[in-house]
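Below is one structure, written out as structure tokens; comments come after it.
Naming convention: chains lettered A, B, ... in sequence-line order (proteins, then strands); numbering from 1 in each chain.
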Amino acid sequence: MTKPKLAVWKFSSCDGCQLTLLDCEDELLDIAGAIDIAHFLEATSEIKGGPYDISLVEGSITTPHDRERIQEIRKNSKVLITIGACATAGGIQSLRNFADVEAFTSAVYAHPEYISTLAKSDAIADHVQVDFELRGCPVSKHQLLELITATLAGRIPRVPKVSQCVECKLSGTVCVMVAHGTPCLGPVTQAGCGNLCPSHGRGCYGCFGPKENPNPPALSAHLADLGMAPKQVRDFYRSFNAGAPAFAEESKSHE
Amino acid sequence: MPDAKGASFLLDSPGPLVDALRRQGWRVIGPKLGQGAIVYEEIESAADLPRGLTDEQEGGHYRLREGDPDRWFDYVVGPQNWKKWLFPARQKLWSAERSKDGFSVESHEDEWPKTAIFGARACEIAAIEVQDRVFDNGDFADSGYTKRRAGMLIVAVQCARSAATCFCASMNTGPRAEAGFDVALTELETGGFLVECGSDAGAAVLDGLELADASAAQQQAGEAVSHKAAAEQTRTMPANVESVLRDNLDHPRWEEVAERCLSCANCTLACPTCFCSDVEEVNDLSGDHAERWRVWDSCFSLDFSYIHGGAVRRSTLSRYRQWMTHKLSSWHDQFGTSGCVGCGRCIAWCPVGIDITEEAGAIAAEPLAQEV
Ligand code: SF4
Ligand code: SF4
Ligand code: SF4
Ligand code: SF4
């Protein structure tokens with residue numbers, strides 16, 4: 001059996017999700033043994049041409065060039081998997097979606113006419129068909145390995161779309177919102193980080209984006225009861241997953 | 001020497017009892033201060049108990065407060081419950097190894113040292129008995145659960161106060177535990193404890209402690225503590241909830257509560273009787289080593305109702321209705337008892353304070369007209 005050919009691609013992003021892949025040091029040798037890493041600039045300058053069996057895509061679409069490049073990658077990939085908040089929701093740079101990008105470029109650059117950028121930062125799935133989305137800012141090492149392992153074993157990866165609250169309860173973490181009145185996005189956020197913030201006494205920042213069937217208006221009403229001003233509620237939803245539709249819509253209703 | 005089960009004695013403090021348990025080889029799990037709440041962890045002596053603390057609870061709200069520094073048990077039930085130990089959140093079931101000529105399977109069961117749970121409240125004992133019907137059910141008994149349950153001793157604490165979220169009196173599960181314990185302690189208003197012996201195993205633990213016999217008046221004082229706690233309860237469950245929910249599956253209230261519900265699953269996971277789990281496959285990259293793990297699940301998750309091709313309960317309405325009708329109505333058909341013991345956890349630990357008694361009450365107050 002020939003080894004499946006893997007490519008890793010970068011769009012607008014901080015490289016943190018690719019680093020998560022490199023951080024799988026102990027497992028990388030096994031991964032390298034099981035798959036043919038054909039394109040992964042963060043790890044090796046050796047480049048093999050397509051087609052690829054699996055493409056992992058990091059980053060969001062923010063330029064006209066990105067928009068064309070992703071079409072090429074899609075054509076050359078059997079399975080296309082997006083990794084991280086940028087690729088799945090537009091990332092922190094999707095804050096531009098709520099502002100005037102031209103005003104930014106003229107304020108920041110001496111020659112804004114050289115800047116070629118789109119008005120919005122888009123998720124990859126806004127442009128091409130995506131086979132699987134791995135959430136997180138950054139993605140969790142555990143889920144990334146599960147994704148690769150399950151894909152190689154031919155089974156569906158176990159990446160539950162339940163709330164972060166489920167991770168709290170499974171880990172025995174006392175709810176910071178109920179016990180301390182700390183604002184938390186956990187009830188509308190997808191699990192996966194390993195219960196990072198609540199297990200350290202902090203509210204969830206929503207790194208893994210909206211859970212399935214989320215109800216942000218009901219949470220926002222409670223956040224207001226906890227003392228958050230409308231602007232704070234708006235900004236709470238506007239971080240790494242600001243562009244995810246459920247969060248974007250909710251933040252706009254607190255303008 | 002206390003020789004008779006059913007007898008009552010007096011004890012100054014819980015300390016000697018914890019020490020006696022440990023001397024006799026019991027691992028003791030009890031209430032402890034942790035993460036700003038009362039959690040259930042192993043304790044080494046009575047010094048680990050959260051003495052002097054009390055709690056304030058409401059829908060979506062829990063705070064620990066300084067109380068009378070001399071009182072030992074003036075807090076009531078907190079975020080965790082004993083199912084954390086009896087029915088662990090994550091549990092390895094078996095593993096398998098691929099070999100040249102096939103594969104081999106090895107079953108797995110975690111060790112369970114004989115364990116005393118210290119400070120179980122009446123509603124919590126009732127909840128354990130509810131889960132017994134689920135897991136210790138004859139033909140399909142869960143061997144891990146029954147093993148843990150058999151190697152377990154229950155030291156109850158009779159509640160001296162109720163939180164605003166408690167409604168055990170209306171579920172007939174408390175606040176006084178009449179049975180189901182090996183030893184029960186009542187902290188008397190005058191200080192000191194009334195000690196009830198509930199079993200031979202309890203008598204064996206009490207053996208060797210210097211205990212004075214309790215007078216009839218002292219026993220009455222113990223019961224008065226429970227009466228006072230019961231009288232403090234304000235929430236109640238409608239008596240006809242089982243039939244009223246069954247007859248009102250299309251009640252408009254379900255839609256109304258679904259607008260407030262986050263489908264976050266906290267209620268089911270905090271509930272001491274909910275027993276649902278999922279089984280997950282874990283394998284290594286090579287595929288040569290695989291494991292199966294049992295993990296808590298909830299009817300609030302989408303995948304819970306996944307059957308070939310899709311999930312059946314997609315809306316929050318259908319998930320909330322499943323939770324409440326199962327707990328309060330169809331549980332009776334399934335297990336011959338209610339699935340709710342009135343502990344109030346689902347009320348306090350719901351981030352937005354949805355109140356099962358209020359929701360049931362709203363439907364019971366204005367049921368849909370029944371066709372005849
Ligand atoms: S701390 Fe946040 S994520 Fe955890 S249970 Fe509470 S609301 Fe949910
Ligand atoms: S349904 Fe609520 S009140 Fe009833 S036993 Fe469960 S958590 Fe306690
Ligand atoms: S209420 Fe839901 S989670 Fe609880 S036992 Fe019933 S189906 Fe399971
Ligand atoms: S009732 Fe409360 S705890 Fe339960 S799923 Fe709804 S919001 Fe979460």
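- For A:His142, the NE2 atom counts as loosely surrounded, since its 6.0 Å shell holds 12 or fewer non-hydrogen atoms of other residues, nucleotides or ligands.
- Within 6.0 Å of CD in A:Gln232 there are more than 12 heavy atoms belonging to other residues, nucleotides or ligands.
- Between the side chain of A:Lys211 and the backbone N or O of B:Ser263 there is at least one donor-acceptor pair closer than 3.5 Å.
- Separation of atoms CG (A:Asn213) and SG (B:Cys264) is listed at 11.5 Å; rounding is to 0.5 Å.
- Neither the backbone nor the side chain of A:Ala34 comes within contact range of chain B, judged by heavy atoms closer than 4.5 Å.
- The CD atom of B:Gln35 sits 5.5 Å away from atom OG1 of A:Thr173, with the distance rounded to the nearest 0.5 Å.
- Ranked by heavy-atom pairs shorter than 4.5 Å toward chain A, the options B:Asn283, B:Val295, B:Val352 are led by B:Asn283.
- Atoms CG and SG, from B:Leu269 and A:Cys175 in turn, are 12.0 Å apart once rounded to the nearest 0.5 Å.
- Of the two parts of A:Val162, only the side chain, counted from C-beta on, holds a non-hydrogen atom closer than 4.5 Å to a non-hydrogen atom of chain B.
- For chain A, the nearby part of B:Arg260 is the backbone; its heavy atoms alone come within less than 4.5 Å.
- Taking chain B as the reference chain and counting heavy-atom pairs below 4.5 Å, the highest number among A:Glu146, A:Glu27, A:Gln164, A:His180 is found for A:His180.
- Counting heavy atoms of neighbouring residues, nucleotides and ligands inside a 6.0 Å radius, atom CD1 of A:Ile47 exceeds 12 of them.
- Contacts of A:Leu152 with chain B are made by side-chain atoms alone, with heavy-atom separations under 4.5 Å and no backbone atom involved.
- Note: B:Trp296 leads B:Phe304, B:Trp296, B:Phe300 in heavy-atom pairs under 4.5 Å with chain A.
- Put simply, of B:Asp278, B:Asp55, B:Leu64, the one with the most heavy-atom pairs under 4.5 Å next to chain A is B:Asp278.
- Not a single donor-acceptor pair under 3.5 Å links the side chain of B:Glu280 to the backbone N or O of A:Arg158.
- In this structure, A:Asp30 contributes its side chain and B:Leu285 its backbone to no donor-acceptor pair below 3.5 Å.
- Note: B:Glu281 leads B:Glu281, B:Lys84, B:Gln57, B:Glu58 in heavy-atom pairs under 4.5 Å with chain A.
- More than 12 heavy atoms of other residues, nucleotides or ligands sit less than 6.0 Å from atom CD of A:Glu255.
- Closest of all the heavy-atom pairs between A:Val166 and B:Ala265 is CG2-CB, 3.9 Å.
- Listed options A:Cys168, A:Ala221, A:Ala218, A:Pro216 were ranked by heavy-atom pairs under 4.5 angstrom with chain B; first place goes to A:Ala218.
- To the nearest 0.5 Å, the span separating CD on A:Glu212 from OG on B:Ser301 amounts to 8.0 Å.
- If you measure heavy-atom distances from B:Ala258 to chain A, the contacts under 4.5 Å come from the backbone alone.
- Of the listed residues (B:Ala37, B:Pro351, B:Pro79, B:Ala89), the greatest number of heavy-atom pairs within a distance under 4.5 Å of chain A belongs to B:Pro351.
- For B:Arg314, the part lying under 4.5 angstrom from a heavy atom of chain A is the backbone only.
- Note that the SG atom of B:Cys350 and the NE2 atom of A:His222 stand 8.5 Å from one another [nearest 0.5 Å].
- For a residue to count as touching a neighbouring chain, one of its non-hydrogen atoms must lie under 4.5 Å from one of that chain's; by this rule B:Glu259 touches chain A with the backbone only.
- Other residues, nucleotides and ligands place more than 12 heavy atoms under 6.0 Å from the NZ atom of A:Lys10.
- Atom CD of B:Glu97 is surrounded by more than 12 heavy atoms from other residues, nucleotides or ligands within 6.0 Å.
- Only the backbone of B:Asp284 comes within contact range of chain A, with at least one heavy atom under 4.5 Å from a heavy atom of that chain.
- Taking a 6.0 Å sphere around NZ of A:Lys78, one finds it holds 12 or fewer heavy atoms contributed by other residues, nucleotides or ligands.
- When A:Val178, A:Thr149, A:Ile31, A:Asn215 are compared by the number of non-hydrogen pairs under 4.5 Å with chain B, A:Val178 comes out ahead.
- Expressed to the nearest 0.5 Å, how far NZ of A:Lys169 lies from CD of B:Gln80 amounts to 9.5 Å.
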